[in-house]
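Notes follow the structure.
All ligand and atom numbering here is 1-based and tracks the order in the structure. Positions are given from 1, in the same order as the sequence printed here.
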Amino acid sequence: MADITAEPFDFPARFGEMALVVIDMQRDFAEPGGFGASLGNDVSRIGRIVPDVKRLLEGFRAAGLPVIHTMECHRPDLSDLPPAKRDRGNPALRIGDEGPMGRVLIVGEPGTDILAELAPIDGEIVIEKPGKGAFYATPLGEILKQKGITQLVFAGVTTEVCVQTTMREANDRGYECLLCEEATESYFPDFKAAAIAMIRAQGAIVGWTAHIDNILKGLP
Ligand code: TIU
């Protein structure tokens, strides 16, 4: 047992039961012409966290701790895409439409890929998820149970959508969750700040937050 300096108080790390979860660091959210841009967002903010996500990823790899990547994506026949999700917000490009990086958010298409700098390596788990949360309609819960993981460190995008949804799902399932502040981003700076504040409020009601150097320094 070792502590990682965190808010609202130190995180009681158990490295034998810990994994890193990198949420949706996909071209569709970070590059022009993808899903994030089709919703009207300035996607340039997302690219700026890539070096810190990579540093965190490399820290976990060097420590020999499990790494899990998630991808928000759908089957080519759209059978896992509720119409309510496809039509929401009347985006310029809907999920499944042909865009500059292939069909938007469809498994196997170039835009759906994880950014090359952050690509999974052999032995790392990749969870394809049709929802915002990574537990809904995926084998994530079973995989974590099999591996005896009880603590999750989070990175990825966007802070208040897929990251926060997954942290809330994980918290309700009994996992202790820690969000790395520099390795997550939103299209809206105020929403990132608010998500961080609400996660750690009320004595870590959803989980802890920590700076990247304190996490890396704490790894075995
Ligand atoms: N739109 C937005 O902020 N996020 C998403 O649609 N998905 C994720 O957060 N990955």
Side-chain angles (χ1 to χ4, degrees), residues 20-50 52-53 56-57 68-75 78 80-97 99 101-107 109-115 117-120 125-138 140 152-171 177 179-196 198-199 206-207 209:
L20 174 66
V21 183
V22 183
I23 303 278
D24 300 0
M25 289 300 296
Q26 297 163 249
R27 296 181 65 199
D28 255 315
F29 295 108
E31 295 184 15
F35 182 62
S38 84
L39 296 172
N41 296 305
D42 169 10
V43 296
S44 63
R45 302 183 58 79
I46 306 299
R48 287 187 222 130
I49 66 162
V50 170
D52 277 332
V53 179
L56 192 64
L57 201 47
I68 296 161
H69 305 257
T70 72
M71 302 171 72
E72 184 173 348
C73 58
H74 295 273
R75 297 186 195 128
L78 307 184
D80 58 356
L81 175 62
K85 180 175 180 182
R86 180 170 155 84
D87 296 338
R88 187 77 49 82
N90 198 21
L93 273 176
R94 283 166 211 277
I95 297 171
D97 287 351
M101 296 190 287
R103 291 183 70 200
V104 175
L105 282 192
I106 298 300
V107 70
E109 298 286 333
T112 309
D113 278 349
I114 292 172
L115 295 166
E117 303 96 301
L118 305 175
I125 294 156
V126 179
I127 301 288
E128 295 174 355
K129 63 181 183 63
K132 301 307 183 191
F135 287 84
Y136 167 68
T138 76
L140 179 59
L152 300 172
V153 175
F154 284 92
V157 297
T158 59
T159 317
E160 80 283 10
V161 182
C162 290
V163 176
Q164 188 176 203
T165 301
T166 303
M167 287 185 74
R168 288 176 182 275
E169 286 183 326
N171 190 48
C177 298
L179 174 62
C180 178
E181 294 190 32
E182 293 83 1
T184 185
E185 194 50 271
S186 169
Y187 299 120
F188 307 93
D190 292 355
F191 289 178
K192 173 177 175 177
I196 286 171
M198 65 177 81
I199 283 164
V206 176
T209 69

Practice task
Can you spot which of Thr158, Thr209, Thr159 makes a side-chain hydrogen bond (donor to acceptor under 3.5 Å, both in side chains) with Thr184?
Solution key: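 Result: among Thr158, Thr209, Thr159, Thr159 is the only option passing the side-chain hydrogen bond (donor to acceptor under 3.5 Å, both in side chains) with Thr184.
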Practice task
Apply the test side-chain contact (heavy atoms from CB on, under 4.5 Å) to residues Arg45 and Lys192: give CA-CA distance (whole Å), side-chain angles for both, the deciding distance (0.1 Å), then the verdict.
Solution key: CA-CA 11 Å; Arg45 302 183 58 79; Lys192 173 177 175 177; 5.6 Å; no
Problem - Criterion side-chain contact (heavy atoms from CB on, under 4.5 Å) on Gln164 and Met198, from CA distance to verdict - result: CA-CA 10 Å; Gln164 188 176 203; Met198 65 177 81; 3.2 Å; yes
Handout entry: Any pair counted as side chain to side chain donor-acceptor pair (under 3.5 Å), so long as it reaches residues 125-134, sequence neighbours left out
Key =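 Output for this query lists Asp24-Lys129, Glu72-Lys132.
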Handout entry: Sequence-distant partners of Phe191, ring-ring contact (aromatic ring centres under 6.0 Å, His included), two or more places apart
Key =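 Here the qualifying residues are Phe188.
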Practice task
Kindly write out the residues that satisfy side-chain hydrogen bond (donor to acceptor under 3.5 Å, both in side chains) with Arg75, not counting sequence neighbours, or none if the list is empty.
Solution key: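 Checked Arg75 against side-chain hydrogen bond (donor to acceptor under 3.5 Å, both in side chains); matches are Ser79.
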Problem - For ligand 1, the residues whose heavy atoms come within less than 4.0 Å (ordered by chain, then number) - result: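 Contacts of ligand 1 under 4.0 Å: Asp24, Phe29, Phe35, Leu39, Glu72, Lys132, Val157, Thr158, Val161, Cys162, Tyr187.
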